[in-house]
Structures are given as structure tokens and as C-alpha cells.
2 protein chains.
Amino acid sequence: MAVKKNKRREAARQSLREEILAASRAIIAEEGFDALTMRRLAERIGYSPATLYLHFKNRDEIAQAVGRIGYADLYRALSAAVADAAATPAQRTRSLAHAYVRFGLENPQTYALIFMEDPAYIKAVFQSPQGQSSQAVAEEKDPATAAYEILIGNAAGLIATGLIPFSVESPARPATPTEIAESFWASLHGIVSLKLTCPGFPSAPAELLTDLYLETLLRGPSSGVSSTKVGKRAK
Amino acid sequence: MAVKKNKRREAARQSLREEILAASRAIIAEEGFDALTMRRLAERIGYSPATLYLHFKNRDEIAQAVGRIGYADLYRALSAAVADAAATPAQRTRSLAHAYVRFGLENPQTYALIFMEDPAYIKAVFQSPQGQSSQAVAEEKDPATAAYEILIGNAAGLIATGLIPFSVESPARPATPTEIAESFWASLHGIVSLKLTCPGFPSAPAELLTDLYLETLLRGPSSGVSSTKVGKRAK
DNA sequence: AGTATAAACTGAACAGTGTTTAGTGAACAT
DNA sequence: ATGTTCACTAAACACTGTTCAGTTTATACT
């Protein structure tokens with residue numbers, strides 16, 4: 001009996017925890033991360049502010065947990081984009097890029113939270129010694145890492161096609177899948193980030209910027225009319 | 001005399017205003033934007049918090065003014081990078097890209113302020129009807145616009161070389177200098193932004209990512225081994 | 001059943017935050 | 001010397017995240 005009762009408590013705890021996270025997500029989606037105050041959150045779930053601290057160490061830990069969910073959403077979106085087994089690496093890359101940008105623009109508050117406003121979660125993931133990360137993070141596979149691996153896999157596929165034979169550093173060596181994936185990520189993140197921080201600044205639509213980048217990336221090896229070598233830094 | 005005395009007052013006002021901005025910049029550079037509180041700022045310049053409101057409407061306006069200075073710094077950095085008249089467009093592009101990324105990494109707090117934390121200023125600039133912007137912004141040429149124009153000019157130079165014959169949309173048309181400049185900006189911003197929000201995430205150094213992007217951008221027209229046309233969206 | 005224990009929960013407080021306002025004091029103009 | 005204008009501030013207001021003593025509720029044991 002003792003165990004069963006404990007389970008009931010445990011279930012209630014878990015249930016409230018998820019209620020807190022759901023309410024947090026709702027507030028963030030509706031009014032942005034800044035509107036997520038402890039008192040508002042507490043009122044929304046019908047508890048006192050102090051109760052929140054029985055389930056989370058502080059506001060940052062709540063943001064971190066919400067961020068994790070956001071990463072899981074992102075992972076799902078990217079995963080679906082590369083699911084087509086019949087697609088070529090280039091097609092997959094296009095699909096992936098548009099899926100990424102679309103996710104950012106359709107979930108602005110979530111995207112801003114996980115990449116711009118409060119990088120606590122991504123920090124915990126990528127700065128932790130090695131998967132050792134804090135308990136809240138380690139259960140199941142980390143969705144940020146999973147999303148990252150999708151990009152790396154895609155980069156590896158691209159390299160195999162010979163479409164992007166980029167070399168870096170001196171002495172020159174081929175770029176690794178990780179490096180290409182990170183470059184890819186950075187470019188897409190730049191598009192989303194600029195669009196979100198100032199709707200209207202990049203006057204060109206995000207889709208056009210994405211297509212432009214993809215054309216740059218996927219246009220195939222050079223015909224030899226290149227300007228100068230890249231190795232030595234200009235100026 | 002009346003005029004002279006007024007001038008003296010005016011000078012004192014201006015002097016205090018600049019003192020406020022200098023102190024703000026110092027606090028932001030030392031401890032980040034969040035550490036810029038009205039009370040701390042007031043204490044630093046030896047006045048009461050309420051005095052700040054005699055020179056600025058609110059904290060946001062201070063951030064906006066500091067942001068403007070940050071943009072001026074950025075403009076100077078970019079301007080210097082493209083100053084060499086003997087450089088080819090490709091060389092200028094490389095120089096520009098590295099100058100941009102270096103500025104972001106060497107002035108993380110400033111960069112975060114003007115592009116990530118408080119986009120009030122850039123919003124005021126790019127969302128205002130047309131140069132009509134608020135009084136504090138309009139005096140002199142806006143540095144953000146000036147920096148923007150450097151990028152556009154550079155993009156136009158690149159196009160002229162035939163190095164980047166990208167077309168977009170359907171029916172296909174050549175990309176404009178503005179579109180290429182914005183794409184360029186977005187990619188570089190992505191590199192800086194990712195590096196700043198999570199030092200250690202893009203495991204590749206920013207310089208390598210910059211070089212990788214530049215090689216992508218400047219490798220010259222395709223040899224025809226392209227994969228598929230870009231126009232139709234994959235999936 | 002009643003009682004002891006443990007867990008859940010809260011009201012009130014603390015030290016912060018941005019901002020406003022009434023009121024003081026000093027510099028100026030006449 | 002007087003009247004006016006400007007610079008300035010102390011104190012308050014409504015917030016914020018967070019902590020803690022104390023109360024209520026639910027489980028466990030006899």
C-alpha cells in the first residue's frame with residue numbers, strides 16, 4: 001500500500017509540474033517571455049507563488065524546462081522535414097532549411113526563448129561536461145542534441161554528393177560535417193533571429209533569404225572563375 | 001546675455017546627458033545590459049534616479065541612445081574594412097565579413113544590446129515611415145542606415161563581378177543588391193548571435209564559420225553539376 | 001479508530017526593479 | 001531685490017523574484 005500511495009503522490013506532483021509548464025508555455029506564447037512572472041503563473045494555475053518553488057528551484061529552471069519542450073518541438077519539425085527517404089541530400093537540405101525558418105517564424109516566442117532570451121537550457125546542454133547534465137535535462141535523449149544531429153547527418157549527406165567541397169584553414173582540409181552543419185545552422189538562425197528581433201528590418205521575406213542562401217550553398221562546385229583563394233584572410 | 005546664459009544651461013544639460021550615456025555604456029560593457037538599472041546608473045553619476053528622467057523619458061530611451069552609439073561603432077568598423085580602394089569586391093567582402101564578426105565578438109554587450117536584447121533602436125530606425133524617426137534619432141545621418149548602406153554597396157560590387165549570379169522567385173529574376181546584402185548580414189549575424197548566446201555551442205570557431213560561409217558565397221558561378229533547381233520548394 | 005509523521009501549501013516579508021510626483025533649492029532675468 | 005524658471009531629490013507606488021515560519025492536508029502506523 002505504501003508504494004501505491006507514494007505513487008499517487010508522485011503522480012500528483014508530476015501532474016502539477018506539467019500544469020505549471022503548460023501554463024508557462026501558454027503565457028509565453030500569448031504575451032512573451034517577459035510576461036512569465038511567478039505571480040501570474042501561480043494565479044493561472046490556482047496556487048500561491050511559493051508553491052512554484054516546491055517544483056522548480058527558480059524562474060530560470062522553469063524557463064529551462066519550457067525551453068526543453070521547445071527544442072523537442074523543433075526536433076519534431078526538423079525530423080519531419082528530412083523523413084522522406086527518397087529525397088536527395090540537396091532536396092533534404094532545402095526542406096530542412098525551410099522547416100527551420102518556418103518553425104522560428106511560426107513559434108516566435110518559443111524560438112526567442114530557446115535561442116535568444118534565455119539560453120539557460122542550451123547552455124546546460126552544450127556546456128555540460130558530457131551528457132552528465134543536470135537531472136531535469138538528462139532524462140531521455142536531449143532534444144537539442146537530437147536536432148543538432150539531424151543537421152550533422154544532413155551535412156554529411158551533402159558532402160557525399162560532392163556538392164559542397166569546401167576546405168578551410170591552412171593547410172587546407174575538407175570541412176567536417178559538424179562544421180558545415182554549424183555554418184548551416186548559423187545562417188538560418190541569422191535569418192530567423194533578424195526577422196524576429198525586428199519584423200520589417202530585413203525587408204526581403206524570410207523565404208526569399210532562405211532560398212537565396214540555399215542557392216548559394218547548393219549551386220555546385222565552382223567552374224574555376226573564382227576570385228582569390230580563401231585561406232589567407234583579406235586585409 | 002540671455003542667450004549666453006541659456007547656452008550655458010544648454011551646455012550643462014548636454015554635458016550631463018553625455019555623462020549619463022557614458023556611464024550607461026560603461027555599466028553595460030562591464031556587467032551587461034541587465035545591470036543597467038536606474039538606481040545604479042544614478043549613483044554612478046552622482047545624481048538621484050529621478051534626475052535621469054529629466055534627460056530621458058525612460059530606461060528604454062537610454063538603451064536606444066546607447067544603441068545608437070553602438071551602431072556608430074559598428075559603422076566605423078565596417079567602414080574601415082571596405083576603405084581599401086584597391087581591393088577587389090571579393091576581397092572587400094571578406095574583409096567586411098571578418099570585421100563584422102570580429103566587432104560582434106569583441107563588443108559582445110554592445111552587439112547583444114543593439115541586435116538581441118533591446119531592439120528598440122533598430123526598430124525605431126527601420127520601422128519609422130521614412131527618416132521621419134523620433135527627434136533623438138534623426139539628428140545627423142543614422143548610423144544603422146549607414147552601416148546598412150555599406151553592405152548594400154558591397155553587394156552591388158559583388159554582383160558586378162558576376163561572382164554571385166543568384167536568381168530568386170519564380171519567374172526567376174536576379175537577386176538585388178539589397179537582398180544579397182540582407183542575406184549576407186543574416187548569415188554573419190547568425191554566427192555572432194549563436195556564439196554570443198552560447199559560447200561553446202557552435203564548436204567551430206567563429207573565424208572558421210566565417211571563412212566557410214565566405215567560401216560558399218564567393219566560389220564563383222556553378223560548373224553545372226547543380227542538383228535541382230531551387231525555384232520549387234522541396235517538399 | 002485515533003495519532004504521529006510527512007508532505008503540500010500559503011501569507012507575509014525582503015530586497016530589488018522602473019517610474020511618478022510633490023516639494024525644495026539654486027540660478028537666472030528683470 | 002524680486003519673481004520666475006529650471007534642476008534636482010525624497011518618498012512613494014506598483015511591480016519583480018525569492019525565502020521562510022507557520023498552517024493545513026494527506027498518508028502511515030498502531
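Chain letters run A, B, ... following the sequence lines, proteins first, then strands; residues in each count from 1. Remember, predicted model here, so these are calculated numbers, not experimental data.
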Visitor: Output side-chain donor-acceptor pairs under 3.5 Å for residues 188-201 of chain A, partner residues at least two apart or in another chain, one line each.
Guide:
from: H189(A); atom 1: ND1; to: Y111(A); atom 2: OH; distance (Å): 2.6
from: H189(A); atom 1: NE2; to: S193(B); atom 2: OG; distance (Å): 2.8
from: S193(A); atom 1: OG; to: H189(B); atom 2: NE2; distance (Å): 2.8
from: K195(A); atom 1: NZ; to: P202(A); atom 2: O; distance (Å): 2.6
from: K195(A); atom 1: NZ; to: A204(A); atom 2: O; distance (Å): 2.9
from: T197(A); atom 1: OG1; to: S193(A); atom 2: O; distance (Å): 2.9
from: T197(A); atom 1: OG1; to: L194(A); atom 2: O; distance (Å): 3.3

Visitor: Tell me yes or no: between the side chains of W185(B) and Y148(B), is some donor less than 3.5 Å from an acceptor?
Guide: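 No, Y148(B) and W185(B) have no side-chain donor paired with an acceptor closer than 3.5 Å.
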
Visitor: Could you measure the distance from the CG atom of L105(A) to the OG1 atom of T210(A)? Nearest 0.5 Å is fine.
Guide: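 If I round to the nearest 0.5 Å, the distance is 8.0 Å.
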
Visitor: How would you list, by chain and number, every residue that makes a side chain to side chain donor-acceptor pair (under 3.5 Å) with E18(A), sequence neighbours excluded?
Guide: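 Once residues adjacent in sequence are excluded, the partners of E18(A) under the side chain to side chain donor-acceptor pair (under 3.5 Å) criterion are Q14(A).
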
Visitor: Identify, residue by residue, the members of residues 30-43 of chain A with a heavy atom below 4.0 Å from DNA chain C, and return them in order of residue number, or none.
Guide: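 Result for residues 30-43 of chain A: R39(A), sorted by number.
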
Visitor: Which residues pass the side chain to side chain donor-acceptor pair (under 3.5 Å) test with D73(B), sequence neighbours left out?
Guide: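 So D73(B) forms a side chain to side chain donor-acceptor pair (under 3.5 Å) with R25(B), R76(B).
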
Visitor: For the side chain of Y47(B), starting at C-beta, report the closest nucleotide among dT19(C), dG17(D), dC8(D).
Guide: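 The nucleotide sitting nearest to the side chain is dC8(D).
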
Visitor: Of all the heavy-atom pairs spanning S183(A) and L209(B), show the shortest one and how long it is.
Guide: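 Looks like N-CD2, 3.7 Å.
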
Visitor: Among residues 21-29 of chain B, which residues get a heavy atom nearer than 4.0 Å to DNA chain D?
Guide: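 Heavy-atom contacts with DNA chain D come from no residue of residues 21-29 of chain B; none.
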
Visitor: Mind checking if L16(A) touches a base, just sugar-phosphate, or nothing, with heavy atoms under 4.0 Å?
Guide: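 Sugar-phosphate contact only.
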
Visitor: Check whether S24(A) reaches the backbone of I20(A) with its side chain - one donor and one acceptor, N or O, closer than 3.5 Å.
Guide: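 Yes: the side chain of S24(A) pairs with the backbone of I20(A).
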
Visitor: Which pairs with one or both residues in residues 13-70 of chain A pass ring pair (Phe, Tyr, Trp, His ring centres under 6.0 Å), sequence neighbours excluded?
Guide: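 Residue pairs with at least one partner in residues 13-70 of chain A: there are none.
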
Visitor: What is the distance from CD of E10(A) to P of dA26(D), rounded to the nearest Å?
Guide: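 From E10(A) CD to dA26(D) P: 18 Å.
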
Visitor: Using the test side-chain contact (heavy atoms from CB on, under 4.5 Å), find all partners of E19(B) that sit at least two apart in sequence or belong to another chain.
Guide: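 Scan of E19(B) (side-chain contact (heavy atoms from CB on, under 4.5 Å), adjacent residues dropped) gives L16(B), I45(B).
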
Visitor: Specify the separation, in whole Å, of atom CD1 of I20(A) and atom P of dG17(D).
Guide: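 For the pair I20(A) CD1 and dG17(D) P, the rounded distance is 14 Å.
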
Visitor: Identify, residue by residue, the members of residues 48-58 of chain B with a heavy atom below 4.0 Å from DNA chain C, and return them in order of residue number, or none.
Guide: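 Within residues 48-58 of chain B, the residues near DNA chain C are A50(B), Y53(B), N58(B).
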
Visitor: For E149(A), enumerate each residue passing the side chain to side chain donor-acceptor pair (under 3.5 Å) test, keeping only those at least two apart in sequence or located in another chain.
Guide: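 Here the qualifying residues are K141(A).
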
Visitor: To the nearest angstrom, how far is R13(A) atom CZ from dT27(D) atom P?
Guide: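 Going from R13(A) (CZ) to dT27(D) (P), I get 14 Å.
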
Visitor: I'd like a table of atom pairs between the protein and nucleotides 22-27 of chain C - only N or O on both sides, under 3.5 Å - with the distance next to each one.
Guide:
none

Visitor: With sequence neighbours left out, what residues match T145(A) under side chain to side chain donor-acceptor pair (under 3.5 Å)?
Guide: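 So T145(A) forms a side chain to side chain donor-acceptor pair (under 3.5 Å) with D142(A).
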
Visitor: Can you list every pair that meets salt bridge (charged side-chain N to carboxylate O under 4.0 Å, His left out) and has a residue in residues 26-39 of chain B, with sequence neighbours left out?
Guide: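 Matches after skipping sequence neighbours: E30(B)-R44(B), E31(B)-R40(B).
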
Visitor: Less than 6.0 angstrom separating the ring centers of F115(B) and Y71(B), yes or no?
Guide: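 So the answer is yes for these two rings.
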
